[in-house]
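Written out below as structure tokens is the structure these notes cover.
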Amino acid sequence: MAEKYNPAEIEAKWQQKWEADGIYHADIDPSRPKHYALTMLPYPSGNLHIGHWYAMTPSDARARFMRMRGHNVMFPMGFDAFGLPAENAAIQRNIHPKEWTYANIENMRKQLRSMGAMFDWRREAVSSDPEYYRWTQWFFLQLYKNGLAYRKMAAVDWCPKDNTTLAREQVVGEKRVCERCGTPVIKKNLEQWFFRITKYADELLNFVGIDWPQQIQTLQTNWIGRSEGANVVFKTEAGDEFTIFTTRPDTLWGATFMVLAPEHPLVSKVTTADKKAEVEAYVAEATRQTDIERESTEKEKTGVFTGGYAINPVNGERVPIWTADYVLMTYGTGAIMAVPAHDERDFSFARKYGLEVRPVIQPEGEALDGTTMAHAATHEGVMVNSGPLTGTPAQQAVADTIAFLQQKQAGKATVGYRIRDWLISRQRYWGAPIPIVYCKGCGAQPVPEDQLPVLLPDDVEWTPTGESPLKLHPTWKHTICPHCGKPAERDTDTMDTFMCSSWYFLRYLSPHYDKAPYDQKEYDYWMPVDTYTGGAEHAVMHLLYVRFFHKALRDLGITEGHEPMMQLRNQGQILGPDGQRMSKSRGNVIDPDEQVRLYGADTVRAYLMFGYRWNEGGAWSDENIQGVVRWMHKVWTLFTEGGQGGGKPDAAAAKALRRKVHQTIQKVSRDLETFEFNTIISAYMELANTMVELRAKVEGSPEWEEAKDVYLRLMAPVTPHVAEELWTRAGKPYSVHLQAWPAADEAAAREDEITLVVQVNGKLRDRISVPAGISEDDAKARALASEAVAKALDGKTPRQVIVVKGKLVNIVL
RNA sequence: GCCGAAGUGGCGGAACUGGCAGACGCGCGCGACUCAAAAUCGCGUUCCCUUGGGAGUGUGGGUUCGAUUCCCACCUUCGGCACCA
């Protein structure tokens, strides 16, 4: 009786040996093509989630595949270790965030090792290490010195639970909740640090040259929200200029009122004495409301007339100025011209308040009447009532109007974006301190680079108060001005942790290098990242920030290339067995450690690849994993049990086996290339089934030996431990992971007999086994000779016979 | 409302360029082994009439000799954005 498959034993053994032998070390080697495979680094929450396995083990399998194909593969791992949860845990359990974080990292390293992934641990980077965040701070200073980091007072999103400001991207959903904790955010006026991501808005819309999922491109494109239009300068009757943004400058002659956002600085100035009380009450009410209340599309529009008038620059008309909260101070210029005839929002507002509706774009074959029309006319037509531009057709209307405005110096073509600058200040403790000092005399001063890192002190009171914990530290903030040497104060906020993760892949290049964020030699060899894998939920956060960061650094002469990651693939999400999101409260959490104890890491890896379309994910199934468990045992038995054959190998069976082996090489190679992991495991199963079936007939043949050899090489990326164990037991040279990927012999994979499908009027009538190379005429003849066909034809003469070479014959009546 | 993705057996999912729908598994049924059970192995398993047909890939239409695949309209689910001027 052969030894039983004991994953616990063999997995631990091989993991230790691989580590000791350093077989996954990735070092510069100009003789081989490099491949930088990267999977998103985890946050050290304490335990590895099955989702981490789902993301990482297929990525590992693919990295291993690339390596066997001859690439020098780097597949590093690290920890995104700064962040709020550490502080929240500290508050709950009264443990220092640092202690909590590093204890978690220790535990998670162990868990990550249990995956059997080919991580090169010498390259590990931990973003909360001073040797790491020194360079996070250094990058901040580079951006600052080049005007890409700036400080301004603004109405910013504030999470009342986490007690910190958030970037716009980190406020999600229609309820406007904090991305981390789900609490609805409020607005606060604060002076905060921003990165000028808007400067790169246009460039970020360009995905040429990178292979990123269409979905991510769409999400980023929508988030950036580019819209082309014009800024038009209006004057108030008192002579104050103000600018409005419109995407429809062609409707300028139809502007029958203006609307200023309640926060617009001109509101109080244009308001006449008799309207003052009403306007002030309205503005106060609008400011009091939350964004959610105010921006609800359900809500009926409200507004008040200020009593003031503006002069339309194109025709000198007096236009009443209103203030209404449907105009947002944060988009465009906070002021619009309202053209109710051609804008649905302006239309409903005009009807509600009895304002004039004046059509200036007349659709063909229709006569719009402002007094009777029921909806705004947003479709195309010809300009009417538009002074010198009357008669201009729709296709030209916008461009012609802009030209006209430019000539009159009343406006110009402008592009508006929804994306805002990235707010990076956080009023929390567990992050990289912002390396800025405030001096009464000299203002904001950057900390000199040779004084980095600005160390995070350990002795702080981290309970959140709404003020930065660093501010409450008795001594930390006190320093001297690097410029004049007088007493000054440090910035007491820390940086958004997305800043740390915007460059971590560079730190992997040389995690302990102390002369620069990375060693240029390593950069020149390894960058850019060839394959990046991770969750799509980061589409407009990390995945946008990282692109911005790289472009900004490129412009500062620090990095090269326009994009950091050439290929991106997103995995889906593993849900609980009940099909719901896993959560402790639902009690549907699948613990990977437990699954590994039950089945072994190889089985868990293979199941996660087999059971789902990788980019979609789905519910964990204790039942479906049984299929993989059985396959694993079948393979084990196949390789460890003595054969029952012994007779002379059957040549036909051997040929059939060889064909299946080479077809499997083709399929597995193709599907690993394209991240279709589920069909890879199917192919392994099929080949194992064929081998079991044919074993007695082929054992002892070279084809059988080839099949076994190829099988272990093919499964090595997916189930690395079992492959190594069986490889070693077969007496082959250590390690299977240092072997070459098998090459498919196309001739051997080719079928010499095919099933010719015979249809009559597109319906399947017969299947005939024919030689693969059969000519069209022969195929036709064989089909027409079929009894089943004769029966279906029922004596009628075919009108047409279609032959698809090597596939089918369709007889049309 | 706008943008995007997806709808295939009881279930997870296959089907590479328009050419055998349901690969590979799970589950289930029957059988073998067993005193028995588990494990394992073999056979079957889209549905409906039954020895042969008919229907069938969300729905309705279209293109084609032929459509899960291409086109149009619609429905459902999920994700994103949402008074963005």
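The basis for the numbers below is simple: all heavy atoms, side chains too, and nothing from hydrogens, waters or symmetry mates. Lettering follows sequence order; numbering is per chain, from 1.
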Remember a base hit wins even if backbone is also touched, and classify [X] as base, sugar-phosphate or nothing at under 4.0 Å, heavy atoms.
X       : answer
L808(A) : base
V812(A) : sugar-phosphate
K763(A) : sugar-phosphate
G611(A) : sugar-phosphate
Y417(A) : nothing
R630(A) : sugar-phosphate
K805(A) : nothing
Q759(A) : base
D343(A) : nothing
R168(A) : sugar-phosphate
T221(A) : nothing
S621(A) : nothing
R765(A) : sugar-phosphate
G416(A) : nothing

| request: Measure distances between side-chain N and O atoms of N624(A) and base N and O atoms of rC26(B), and say whether any donor-acceptor pair falls under 3.5 Å. | output: no

[X] has a side chain; which of [options] sits nearest to it?
X       : options                   : result
N810(A) : rA85(B), rG53(B), rC65(B) : rC65(B)
F610(A) : rG53(B), rC3(B), rG12(B)  : rG12(B)
N222(A) : rC3(B), rC83(B), rC65(B)  : rC3(B)
L219(A) : rA85(B), rG80(B), rC83(B) : rG80(B)
R418(A) : rC24(B), rC81(B), rC83(B) : rC81(B)
T246(A) : rA23(B), rA85(B), rC3(B)  : rA85(B)
L764(A) : rC65(B), rA21(B), rG12(B) : rA21(B)
Y331(A) : rG19(B), rA85(B), rC83(B) : rA85(B)

| request: Nearest 0.5 Å please: distance from the CH2 atom of W614(A) over to the CG atom of N678(A). | output: 12.0 Å

| request: To the nearest 0.5 Å, tell me how far T323(A) OG1 sits from Y282(A) OH. | output: 6.5 Å

| query | Backbone N or O of V718(A) within a donor-acceptor pair of the R605(A) side chain at under 3.5 Å? | reply | yes

| Side-chain donor/acceptor of S786(A) to backbone N/O of V789(A), under 3.5 Å | yes

For [X] and [N], what is the distance between atoms [atom1] and [atom2] respectively, to the nearest whole Å?
X       : N       : atom1 : atom2 : answer
W223(A) : rC81(B) : CH2   : P     : 6 Å
Y612(A) : rG12(B) : OH    : P     : 11 Å
E623(A) : rG25(B) : CD    : C1'   : 12 Å
N761(A) : rU64(B) : CG    : P     : 15 Å
M609(A) : rG25(B) : CE    : P     : 18 Å
M541(A) : rG80(B) : CE    : P     : 10 Å
Q800(A) : rC65(B) : CD    : C1'   : 5 Å
W614(A) : rA5(B)  : CH2   : P     : 20 Å

| said: Need to verify one output field. Residue with the more 5' nearest nucleotide on RNA chain B, S682(A) or G617(A)? | reply: G617(A)

| task | Find which nucleotide of RNA chain B each of N689(A) and E616(A) is nearest to by heavy atoms, and output the residue with the more 5' nucleotide. | result | E616(A)

| note | Glycosidic torsion of rG9(B) (syn if within 90° of 0, anti otherwise) classifies it as syn

| field | Distance, P atom - from rC16(B) to rA23(B), rounded to whole angstrom | value | 15 Å

| field | Inter-nucleotide C1' distance (rG4(B), rU63(B)), Å rounded | value | 27 Å

| task | Describe, in one word, how the ring planes of H542(A) and F498(A) are oriented to each other, choosing from parallel (under 30°), tilted (30 to 60°) and perpendicular (over 60°). | result | parallel

| request: Fit a plane to each ring of F347(A) and H375(A), take the angle between them on a 0 to 90° scale, and name the class: parallel (under 30°), tilted (30 to 60°) or perpendicular (over 60°). | output: parallel

| query | Do Y326(A) and S348(A) pass the side-chain hydrogen bond (donor to acceptor under 3.5 Å, both in side chains) test, and can you show the C-alpha distance, the side-chain angles, and the key distance before you say yes or no? | reply | CA-CA 12 Å; Y326(A) 78 91; S348(A) 60; over 6 Å; no

| field | ring-ring contact (aromatic ring centres under 6.0 Å, His included) partner of Y607(A), chosen from Y599(A), W53(A), Y54(A), W620(A) | value | W620(A)

| request: Please determine if D752(A) and R659(A) form a salt bridge, counting it only when a charged side-chain N lies under 4.0 Å from a carboxylate O. | output: yes

| Per the side chain to side chain contact (heavy atoms under 4.5 Å, CB included) rule, which among M609(A), R569(A), Q571(A) passes with P58(A)? | M609(A)

| request: Using the criterion of both pairing distances under 3.5 Å for Watson-Crick and G-U wobble pairs, give all stems of 3 or more consecutive pairs involving RNA chain B. | output: B:1-7 with B:75-81, B:10-12 with B:24-26, B:27-32 with B:40-45, B:46-49 with B:52-55, B:58-62 with B:70-74

| said: Taking only side-chain N and O atoms of N678(A), does any of them lie within less than 4.0 angstrom of OP1 or OP2 on rC24(B)? | reply: no

